[in-house]
Amino acid sequence: MGMRGLVKIIFFVFVVFIIYECAHQVMPSGGPKDISPPVVLETEPENGSAHFNSDKFTLTFDEFIQLDNINQKVLISPPMKTLPEFKLRGKSLMIKFKEGLKPNTTYSVNFSDAITDLTEKNPLLNYTYIFSTGDRVDSMNISGTVVNAFDLKPVEDVSVMLYKDDNDTIPLDSMPFRVQPFYLGKTDANGHFMLNGLADEPYLIFALKDLNSNYIYDQPGEEIAFLDSLIMPQYQEPMKADTMISDSSVFVPDSGFLKNPQSLADSLYQDSLKQYESQVTYYDLFLFNETDSTQKLLNAKLLRRNTLRFAFSRPIEGVTIEALNFSEDTLWHVAEISAGKDTVTWFVKNLPVDTLDLLVMHGADTLDLLSQSLIPRQAILRGARNKRKKNEEVRKEYLGFKNNIKNNNLRLDKNPELVFDQPVVKVISDSILLVSGKDSTYSPKFYFADSLHRKIVFPLKLKEDTHYAIVLPDSSVIDWNGLFNKKKTISFGTKSLRDYGVFVLDLTPVYPMSYILQLMTEKEKVLREVYFSSDTTVTFQYLTPGEYVLKLIFDTNGNRKWDSGNYIYKIEPESVTFFPKKVTIRANWEVQEEWNIE
């Protein structure tokens, strides 16, 4: 190759390198990272205008933007049947309405977090455009929070709706069932809501977890919240998230000083929200699911052979279950009712039929007519296979049972319990062995703790740091169908008193009434429950070291359970509250606290 050819190759490589470097542009490293949301520079017509007679308005920003699920996130009040059209043109967003506007009405268009910048996707939080088709813009507002009535946790994406008493044919209280609201808002992730652009007049407020997105309370599974009196809005300069966060640009270095820059913007927004809320009347709404007043059979289920469970929507007073294809003078089934009195379990003797045709009634009303098998499908298939396998032994069925031993340990104040699948008719106690440490006892004392003879309790005075075992030999317990238990050894131990903590709580209620105190895990699983009505001291012993939560239910009707509300009768759900701090239990330690209940 000549010198001229070599020069051409070098020149060609150089040109390719230059082109590649020009095309391959990367973000400069080490510079500040912009976490500022877009800023609205101009609105046309001006935000807050009266005499609005156009079918569109335009927002102009300081940078290019993009829309994130705008059709799902935008909130227009009063609600519109058809969403407007959203068009991006350069740094502007045009919103064009597809239906006519009501005369002499103030509208608000809240964009939630649907507007973000193009590069970093920083959201402009809760920007609201307000206008009026009349000669003045209503400037009052209402704000508050929606929490779950049972656990007080904030609920997101709840529709908060306002109604005016302006309908000649529909009573104000009935409007949530029949018409869309006059004003509408949505809760954020913290349960907060804010409705702007309101007239100075009373409103009915109603919150709805809307399952079918029609802003009408028409589904039995929809959760609701309400106040039993009308509320008045008040004047407060609306909080504008774009200026609140964007007045000064906030930058952080890329060096990892702030790993999640968006969290800073969110924090600034929440701080400003709290400052705003401290200046206004704040409404708390408690979301609940109404108790269905109609009795229903929710499900009928075969738990195991000869065991049926019927679950109802309400306590079973007035409910009857009748077998249509089987009748016998002797006792052929017994029923067990749950603590909540809404579930019935049938324990059935062996019958000449494999399926029961059942009529379920509530008074004179028929709830259901069903055919329920008494034999599990697996057992039917297994029986068919056994018929084909003539020389193989048929699998035996045994009487099953459960016990109250957890993690091979039993608390010192408990007794070992065995709960059998069917009523027991015979216990051969002299074959049962109890091992306590190095001692062994045949025929230990026991008693049946229920009328159906399913639960056997062994009354023992448990000792600290001791190993126990209960040995049930084969066929030592027999049920009323002739099934017997398989040989089983139940082993468990006890801990030392030093392994537990004690918690003493002095309760001082201001008002004498029925209360329910619940000691719960951090995941709010109820461990202990206490009922009281006046000043009292509660002692919780044998507590495993850890963190605990205390919950108090104001048991208004004294039925020893939390009750939901009813909108028609203006009954709000029973109030709950939590002890202001977690309770830390340590081994071999007693903790004392006081709780003044207002």
Exercise. Start with the C-alpha gap between D479 and D421, add the side-chain angles, then the distance that decides, and say whether side chain to side chain contact (heavy atoms under 4.5 Å, CB included) holds.
Key: CA-CA 9 Å; D479 77 0; D421 290 347; over 6 Å; no
Practice problem: Apply side chain to side chain contact (heavy atoms under 4.5 Å, CB included) to L308 and L374, showing your working. | Solution: CA-CA 8 Å; L308 303 176; L374 296 172; 4.0 Å; yes
Practice problem: Would you sort out whether D555 and R560 count as a salt bridge (Lys or Arg N to Asp or Glu O under 4.0 Å), showing the intermediate values? | Solution: CA-CA 7 Å; D555 188 17; R560 296 194 169 187; over 6 Å; no
Exercise. For V158 and E223, run side chain to side chain contact (heavy atoms under 4.5 Å, CB included): C-alpha distance rounded to whole Å, both residues' side-chain angles, the deciding distance at 0.1 Å, then the answer.
Key: CA-CA 9 Å; V158 174; E223 295 175 284; over 6 Å; no
Practice problem: Start with the C-alpha distance between S476 and N485, add both sets of side-chain angles, then the distance that settles side chain to side chain contact (heavy atoms under 4.5 Å, CB included), and finish with yes or no. | Solution: CA-CA 7 Å; S476 57; N485 67 289; 3.3 Å; yes
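Taking 4.5 Å as the limit, every side-chain heavy atom of K414 sits out of range of all side-chain heavy atoms of K406. You'll find the side chain of V435 stays beyond 4.5 Å of the side chain of T489, heavy atoms only. With contacts defined as side-chain heavy-atom distances shorter than 4.5 Å, the pair P37/L125 does not qualify. For the pair F484/K426, no side-chain contact is recorded, criterion being any heavy-atom separation below 4.5 Å from C-beta on. Side chains of F310 and Q372 form no contact here, defined as non-hydrogen atoms less than 4.5 Å apart. Side-chain atoms of D173 and K570, non-hydrogen and from C-beta on, do get closer than 4.5 Å to each other.
Taking each heavy atom of Y500 and L410 in turn, the nearest pair found is OH-O, 4.5 Å.
Side-chain atoms of S496 and E464 include a donor-acceptor pair closer than 3.5 Å. Defined by atom type and a distance below 3.5 Å, a donor-acceptor pair is missing between the side-chain atoms of D284 and T145. Side-chain atoms of T187 and E156 form no donor-acceptor pair, as typed in the model, at a separation below 3.5 Å.
Among pairs with a residue in residues 514-534, those fulfilling ring-ring contact (aromatic ring centres under 6.0 Å, His included) read Y515-F532, Y515-F554, at least two apart in sequence or across chains.
The cationic group of K551 lies under 6.0 Å from the six-membered ring centre of F150 and within 45° of the ring axis, placing it in a cation-pi geometry. For the pair K581 and F579, the cation-pi criterion (under 6.0 Å, within 45° of the ring axis) is not fulfilled.
The one candidate from F401, Y398, W480 that meets the ring-ring contact (aromatic ring centres under 6.0 Å, His included) condition with F420 is F401.
A distance of 7.5 Å separates CG in N566 from CD1 in I224, rounded to the nearest 0.5 Å. Distance check: I231 CD1 to I205 CD1 gives 4.0 Å after rounding to the nearest 0.5 Å. Taking CD1 from I470 and CD1 from I456, the interatomic distance works out to 10.0 Å, rounded to the nearest 0.5 Å.
Classification of the H453-F448 ring pair by plane angle, with boundaries at 30° and 60°, yields parallel. Between Y567 and F226, the two ring planes are perpendicular [angle over 60°; tilted spans 30° to 60°].
Side chain of T494 to backbone of T466: a donor-acceptor contact under 3.5 angstrom is found. Between the D151 side chain and the K153 main chain, a donor and an acceptor come within less than 3.5 Å of each other. Of the possible donor and acceptor atoms, one in the side chain of E574 sits under 3.5 Å from a partner among the backbone N and O of T556.
For A149, the side chain to side chain contact (heavy atoms under 4.5 Å, CB included) partners at least two apart in sequence or on another chain are F286, F288, W562, P573.
Within a 6.0 Å radius of CG in L230, more than 12 heavy atoms belonging to other residues, nucleotides or ligands are found.
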